[in-house]
Each structure stands twice: as structure tokens, then as C-alpha cells.
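Take a look at the structure set out below.
The first residue of the sequence shown is numbered 1, and numbering continues consecutively from there.
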Amino acid sequence: MNAPTTLRRATCSRCLRPQATCLCALARPTAHHTEVLVLQHPQEQRQAKNSVAMLRLSLAHCEVVVGERFAPAALEALLHRPGRETRLLYPDVPAAPAPPAPGVTVGAPLRLVVIDATWRKSLRMLLEHPALAALPRLSLEAPAPTRYRAIRAARRADQVSTLEATVQALAMLEGPGFDGAPLLDAFGRFVAGVAARQRPLASEDQAARIAASDRLPTVELEVSAIAVGRSSR
């Protein structure tokens, strides 16, 4: 007997997303001089709401490396490029203080390292890799309000998506010659599209919770009766 055929969704060869949610039309080629290295946590690679795919499609000098733990020699090779100074896009926090700021070489080519992970996982990646923690830091100055909150929760008001953070960092590094507005506008449309797809699912979940709540009093009373019976023995 032949094994049942497993139907696989068609995937875009460029953005690697299902054809139904292909991001290629939202890509906005954005001129920049700074190299961007994104160290992406494996869980983010599987996250449909992740913003790095759009970033990679839009920035010509953007490299994405997926991993949680890196061998020291391999990480050193990723972080540094001949003739370029490296900066880590990460705030100076008590759990991982920034090293002393080095002297800045005016006009020196730069390599910007970005960690794509949740706050807790990004901090863990930083603490587990001394070479990463030793990099000079670049922190965002009063980041603009995020568009991301419509589809992903944030612990703090100043937290933004990886795409938004990278665009703001490039604007700081490259000045008026860098124009990230078209990419940010396209990202806003990406967020709106994801939010629209989520609404029917949210409505179904709410309906299921309401239906379940009609049965909850009986279940709760049964559990309470069992608990009381046990405590009286």
C-alpha cells in the first residue's frame, strides 16, 4: 500500500515564506553603507511575525546567521571584517554593562551587529558570548513608537522590532543620506496584514472561550467538592 501523500504549501524561493504570505512585494531596496549582521535566535526564524525577513530583502548588505550558541572562532569571524569597525546594537543594561566606548574614527566603514531575539533570550546570548559582550555598543536615542505592538507584545514601551531598531540605528550612523521611511511604511503594511489575518482567529478563540465558560461553573464545583472531601478526611 502506498503511503499517504503529504501536501506541502508552496513556498516563495526568495523570502522563504508560504506563497500566501509572501513578503517580496513589501521589500523596499534601501541604500546603505553600513554592513548589518543579524544574529537570529532559532525560535525567531520560525516566527511568522518576525521582521528580519523584510529587513534582509530590503538591505543589500545584510547577513542573517541563525543560532543560539556560537563557537568562539566562528563568532569572531562573523563579528569582524577587515577595514571595518564593529558596533553592537544593544542598550547599556546593569545585567550586561557596556564596555568603555572606544575612540571613533570619523568616516570609518562600520559593521552593525543586531541580536534578533526576545529580550530575555538576547540577554542570554550576550552573556554567553564574551566576544559579543565586549563589542562597543550603539543604543537608540529615544526610539520612535513601534508599529509592532499590534501583533506582538512588548515588555516595555521603548521596545521595538528588529527591523525598526536597525533602520533607526542606520539613520543614526549614516545621517541624512539614509532614508528608511519607505521601508518603515512597508513594515507598517506588513503589520496591518498580519493583524488582519489574526482577527478571524481571535474571534474563533473568543467564541470558544465563551462556549467553554458556560461549562466552567459545573467543572469548578466538581473540583471544589473533591478538594473539600479530601481535606475533611
Side-chain angles (χ1 to χ4, degrees), residues 30-42 44 50-52 54-56 58-146 148 154-181 183-184:
T30 304
H32 66 110
H33 303 292
T34 303
E35 290 183 350
V36 177
L37 168 67
V38 180
L39 300 179
Q40 186 177 57
H41 191 281
E44 291 299 317
N50 186 268
S51 65
V52 167
M54 271 192 69
L55 190 68
R56 178 181 61 81
S58 301
L59 300 183
H61 311 296
C62 179
E63 178 183 5
V64 180
V65 179
V66 179
E68 185 175 3
R69 293 182 176 85
F70 300 90
L75 183 60
E76 284 286 350
L78 287 170
L79 298 180
H80 301 286
R81 288 290 186 269
R84 287 188 177 266
E85 296 182 1
T86 304
R87 297 289 183 272
L88 173 66
L89 180 58
Y90 207 88
D92 183 4
V93 293
V104 178
T105 305
V106 178
L110 294 174
R111 185 168 175 81
L112 180 67
V113 179
V114 182
I115 302 176
D116 180 47
T118 63
W119 174 254
R120 184 172 60 181
K121 289 183 173 63
S122 72
L123 182 60
R124 181 174 178 178
M125 289 174 67
L126 188 64
L127 294 175
E128 290 183 348
H129 297 88
L132 198 56
L135 291 176
R137 303 275 178 89
L138 176 70
S139 299
L140 297 180
E141 300 170 356
T146 182
Y148 217 25
R155 293 179 57 190
R156 299 183 342 207
D158 59 349
Q159 288 181 325
V160 298
S161 69
T162 299
L163 182 146
E164 291 168 314
T166 304
V167 168
Q168 292 180 47
L170 290 175
M172 289 172 56
L173 293 171
E174 302 191 5
F178 176 79
D179 182 13
L183 178 52
L184 290 175

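Shown here are the ring-ring contact (aromatic ring centres under 6.0 Å, His included) partners of H61, two or more places apart in sequence or in another chain: H32.
When all heavy atoms are compared, the tightest approach of S51 to S161 is OG-CB, 3.9 Å. When every heavy atom of A133 is checked against every heavy atom of P99, the shortest pair comes out as O-CD, 3.7 Å. Of all heavy-atom pairs spanning F178 and A31, the tightest one is CD1-O, 3.4 Å. Heavy atoms only, all atoms of each residue included: S58 and L183 are closest at OG-CD1, 3.3 Å. The two residues V167 and G180 have their closest heavy-atom pair at CG1-CA, 3.9 Å. Taking every heavy atom of both residues into account, A117 and M125 meet most closely at CB-SD, 4.3 Å.
Side-chain contact check for K121 versus I115: every heavy-atom pair is 4.5 Å or farther apart. Taking 4.5 Å as the limit, every side-chain heavy atom of V66 sits out of range of all side-chain heavy atoms of L39. Side-chain atoms of L135 and L79, non-hydrogen and from C-beta on, do get closer than 4.5 Å to each other. Residues L112 and L37 fail the side-chain proximity criterion, which asks for heavy atoms closer than 4.5 Å.
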Practice task
Before giving the answer on side-chain contact (heavy atoms from CB on, under 4.5 Å), spell out for V113 and L132 the whole-Å C-alpha distance, their side-chain angles and the decisive distance to 0.1 Å.
Solution key: CA-CA 9 Å; V113 179; L132 198 56; 4.1 Å; yes

Exercise for the section: Under the side-chain contact (heavy atoms from CB on, under 4.5 Å) rule, what do E44 and T118 come out as? Steps first, then yes or no, please. Expected result: CA-CA 8 Å; E44 291 299 317; T118 63; 4.0 Å; yes

Practice task
Output, in order, the C-alpha distance, side-chain angles, deciding distance and verdict of side-chain contact (heavy atoms from CB on, under 4.5 Å) for L140 and M172.
Solution key: CA-CA 8 Å; L140 297 180; M172 289 172 56; 4.0 Å; yes

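The CG atom of L126 sits 6.0 Å away from the CG atom of L88 when rounded to the nearest 0.5 Å. Atom OG of S139 and atom CG of D92 lie 6.5 Å apart (nearest 0.5 Å). The structure places CG of L59 at 10.0 Å from CE of M54, a figure rounded to the nearest 0.5 Å.
Judged by distance alone, the side chain of D116 and the main-chain N or O of T162 form no donor-acceptor pair under 3.5 Å. For the pair R87 (side chain) and R137 (backbone), a donor-acceptor distance under 3.5 Å is absent.
Each of V114, V38, V160 was compared with T166 under the side-chain contact (heavy atoms from CB on, under 4.5 Å) criterion, and only V114 meets it.
Remark: the Y90 side chain and the S122 side chain contain an N/O donor-acceptor pair separated by less than 3.5 Å.
Here salt bridge (charged side-chain N to carboxylate O under 4.0 Å, His left out) pairs that include residues 59-76, with residues two or more places apart or in two chains, are E63-R81, E63-R111, R69-E128. Contacts classified as side-chain hydrogen bond (donor to acceptor under 3.5 Å, both in side chains) and involving residues 172-181 (residues at least two apart or in different chains) are given here: T34-E174.
Atom NE2 of H80 sits in a crowded spot, with more than 12 heavy atoms from other residues, nucleotides or ligands closer than 6.0 Å.
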